[in-house]
Amino acid sequence: MGLKRNLSKVIGVNLLSIIMGVINGFVIPKFLGTGQYAVLMTYSLFVSFIGVFPLGFIDGMYINYGGKDEKDINKGIFKFEHRFLFLFQLLIAVIFLTVSIVLQNRVIFYFSLTILPFTLIGFFKLFYQAVGNFDKFTFLSILNTLVMFVFNMILILFGTKEAETFMIANVISYYITFIYIEYIYYLTYKKVNIRKDYTLIKNNFKIGAPILVGNLSLLLFYSIDRWIVRILLDLESFAYYSFAISMMTLINVLISAITTTFYPYLSKNREDSMLRKLKNYFLIIGSCASASYFVFSMIVIYFIPKYKPSLEIIAILLASLPVMIIIKVLYVNLYQAQKRERLYVWTIVVMLVVSVVMNIISVILQKSNTSIALATTVSFYIWYYYSSRHFKSLSISSREILYLLLFNVLYVLLVGVNNNIWLGALLFMIGLSFLIYVFFKDDIRSLFIDALKA
């Protein structure tokens, strides 16, 4: 019941993130030209790498506190960890600020201002996630998302046409949340005597180092396609590709909600039967989520037709959803929950190499957005197979292979019905429902029963 309540809370919070994603994904691109939108997405691409700057420190803390109760955490040590991270990230921010001034680069300038608040907000969120305090986690998530949503809506209502204005709004949003959480932290810990423990700091880095390598490789895995498009293709192509990625982000918000909730749960519950059941559930959920292509198509066609070139990219990327959700929710969480950091890192590095090779091949064969998107989707399926060998209970069965093969055939055939998107959507849902019933009839029944008990 605790898992279900936490999952409901986090999904509820992420509904706001979905609304925010709709604003970022549909409304902002409609108002900005493709060039300005590409600049804003370049800033977002830079921001996505801020999580690497703590150099594994937060990851080590996350692993150490995972599965523990908040009341059992030493407050003096936690206060020392906070102070150390604050000063460490302030130094990194100053370095990037200096670089931006020397290069006279506004994107790097706003990026440098984002580093400190982004990292410290992440520090508190990961701490609450690790100890299972989802009340505080959800509140902090709501605050951060809501502030950003309000600022973006104000800019949209005023008809802002410049990417720089949105970057300024993002920076201010992060600082408002940052100042608030730091104030709450000050009130809570002002009477706590700090307990300096440099051995613990080193231990956090030591434990987090493999996770850092893994997370960096993971970031590169998820962003290598955008970097290639940004470097090798023109700004307009990058705008179209970034728009497609923003559609994936909307779906990934819900996946992240599930991922966030399942780490403390998987730290304590690893029964083979439960893992197999969850895997089937996620295959079903991911397959149904791929139908969002038809929704995105309708919105693009009727609301922002200038981004029609993105539809083919969106279609290709969404085909990876059935396996992507298993990778994010089960594989990644299990590597960490089972303390198999070295295997996790090795897997991510191998998959990064696979992704780079696939993207290089795609560029050699055809230097286009669609070929790069196809390389990314194929990489996810390779990862799905590769990691399945590391967990006996999650090994891939012939039934899964046949299901995924038929799913992709159905998807490719009906996504191609561009002249009648409504007919394509209807036929896809009918065909998908039939496939799910044939292959996962018992799992569907079990899923409904579990939902009724919730």
Could you grab the distance from atom [atom1] of [X] to atom [atom2] of [Y], nearest 0.5 Å is fine?
{"X": "Phe31", "Y": "Asn152", "atom1": "CZ", "atom2": "CG", "answer": "12.0 Å"}
{"X": "Gln89", "Y": "Thr119", "atom1": "CD", "atom2": "OG1", "answer": "4.0 Å"}
{"X": "Ile58", "Y": "Ile63", "atom1": "CD1", "atom2": "CD1", "answer": "13.0 Å"}
{"X": "Ile361", "Y": "Ile372", "atom1": "CD1", "atom2": "CD1", "answer": "13.0 Å"}
{"X": "Ile327", "Y": "Tyr386", "atom1": "CD1", "atom2": "OH", "answer": "13.0 Å"}
{"X": "Ser387", "Y": "Leu394", "atom1": "OG", "atom2": "CG", "answer": "10.0 Å"}

Shortest non-hydrogen separation from [X] to [Y] and the atoms involved:
{"X": "Pro29", "Y": "Tyr37", "result": "CG-CE1, 3.4 Å"}
{"X": "Ile316", "Y": "Thr377", "result": "O-OG1, 2.8 Å"}
{"X": "Pro54", "Y": "Ile50", "result": "CD-O, 3.5 Å"}
{"X": "Tyr411", "Y": "Ala315", "result": "OH-O, 2.7 Å"}
{"X": "Leu55", "Y": "Phe205", "result": "O-CD2, 3.4 Å"}
{"X": "Leu317", "Y": "Ala244", "result": "CD1-CB, 4.2 Å"}

Counting only heavy atoms not in [X], do more than 12 sit closer than 6.0 Å to its [atom1] atom?
{"X": "Lys367", "atom1": "NZ", "result": "no"}
{"X": "Arg389", "atom1": "CZ", "result": "yes"}
{"X": "Phe303", "atom1": "CZ", "result": "yes"}
{"X": "Glu400", "atom1": "CD", "result": "yes"}

Without swapping roles, check the side chain of [X] against the backbone of [Y] for a donor-acceptor pair under 3.5 Å.
{"X": "Arg226", "Y": "Met41", "value": "no"}
{"X": "Ser355", "Y": "Leu352", "value": "no"}
{"X": "Lys279", "Y": "Leu330", "value": "no"}
{"X": "Ser173", "Y": "Ala169", "value": "yes"}
{"X": "Ser242", "Y": "Ala239", "value": "no"}
{"X": "Gln36", "Y": "Ala163", "value": "yes"}
{"X": "Thr165", "Y": "Lys161", "value": "no"}

Less than 4.5 Å apart, side chain to side chain, heavy atoms only: is that true for [X] and [Y]?
{"X": "Phe243", "Y": "Thr34", "value": "no"}
{"X": "Phe88", "Y": "Phe53", "value": "no"}
{"X": "Phe439", "Y": "Leu402", "value": "yes"}
{"X": "Val213", "Y": "Val349", "value": "yes"}
{"X": "Val47", "Y": "Met167", "value": "no"}
{"X": "Leu321", "Y": "Met248", "value": "yes"}
{"X": "Asn64", "Y": "Asn203", "value": "yes"}
{"X": "Leu374", "Y": "Ser362", "value": "no"}

Requested in this report: Please test Tyr335 against Phe391 for ring pair (Phe, Tyr, Trp, His ring centres under 6.0 Å), starting from the C-alpha separation and ending with a verdict.
Outcome: CA-CA 9 Å; Tyr335 283 126; Phe391 310 101; 5.0 Å; yes
Query raised in the report: Any side-chain donor paired with an acceptor under 3.5 Å for Thr114 and Tyr43?
Result: yes
Between [X] and [Y], does the ring centre distance come in under 6.0 Å?
{"X": "Tyr307", "Y": "Tyr240", "result": "yes"}
{"X": "Phe96", "Y": "Tyr110", "result": "no"}
{"X": "Tyr293", "Y": "Phe428", "result": "no"}
{"X": "Phe49", "Y": "Phe118", "result": "no"}
{"X": "Trp383", "Y": "Tyr331", "result": "no"}

Query raised in the report: Is there a side-chain contact (heavy atoms from CB on, under 4.5 Å) between Ile245 and Tyr241 once you walk through the steps?
Result: CA-CA 6 Å; Ile245 291 296; Tyr241 201 92; 3.8 Å; yes
Requested in this report: Step by step, work out the side-chain contact (heavy atoms from CB on, under 4.5 Å) result for Leu404 and Leu283.
Outcome: CA-CA 9 Å; Leu404 287 171; Leu283 269 177; 4.0 Å; yes
Requested in this report: Show your reasoning for whether ring pair (Phe, Tyr, Trp, His ring centres under 6.0 Å) applies to Phe221 and Phe380.
Outcome: CA-CA 10 Å; Phe221 178 88; Phe380 274 113; 5.2 Å; yes
Report task. Tell me, with the steps shown, if Phe440 and Arg399 meet side-chain contact (heavy atoms from CB on, under 4.5 Å). Result -> CA-CA 10 Å; Phe440 301 108; Arg399 183 181 72 158; 3.8 Å; yes
Requested in this report: Take Thr376 and Ser320 through the side-chain contact (heavy atoms from CB on, under 4.5 Å) test and state the conclusion after the steps.
Outcome: CA-CA 9 Å; Thr376 300; Ser320 66; over 6 Å; no
Query - Intermediate values then yes/no, ring pair (Phe, Tyr, Trp, His ring centres under 6.0 Å), Phe78 and Phe123 - result: CA-CA 11 Å; Phe78 180 73; Phe123 169 77; 5.3 Å; yes
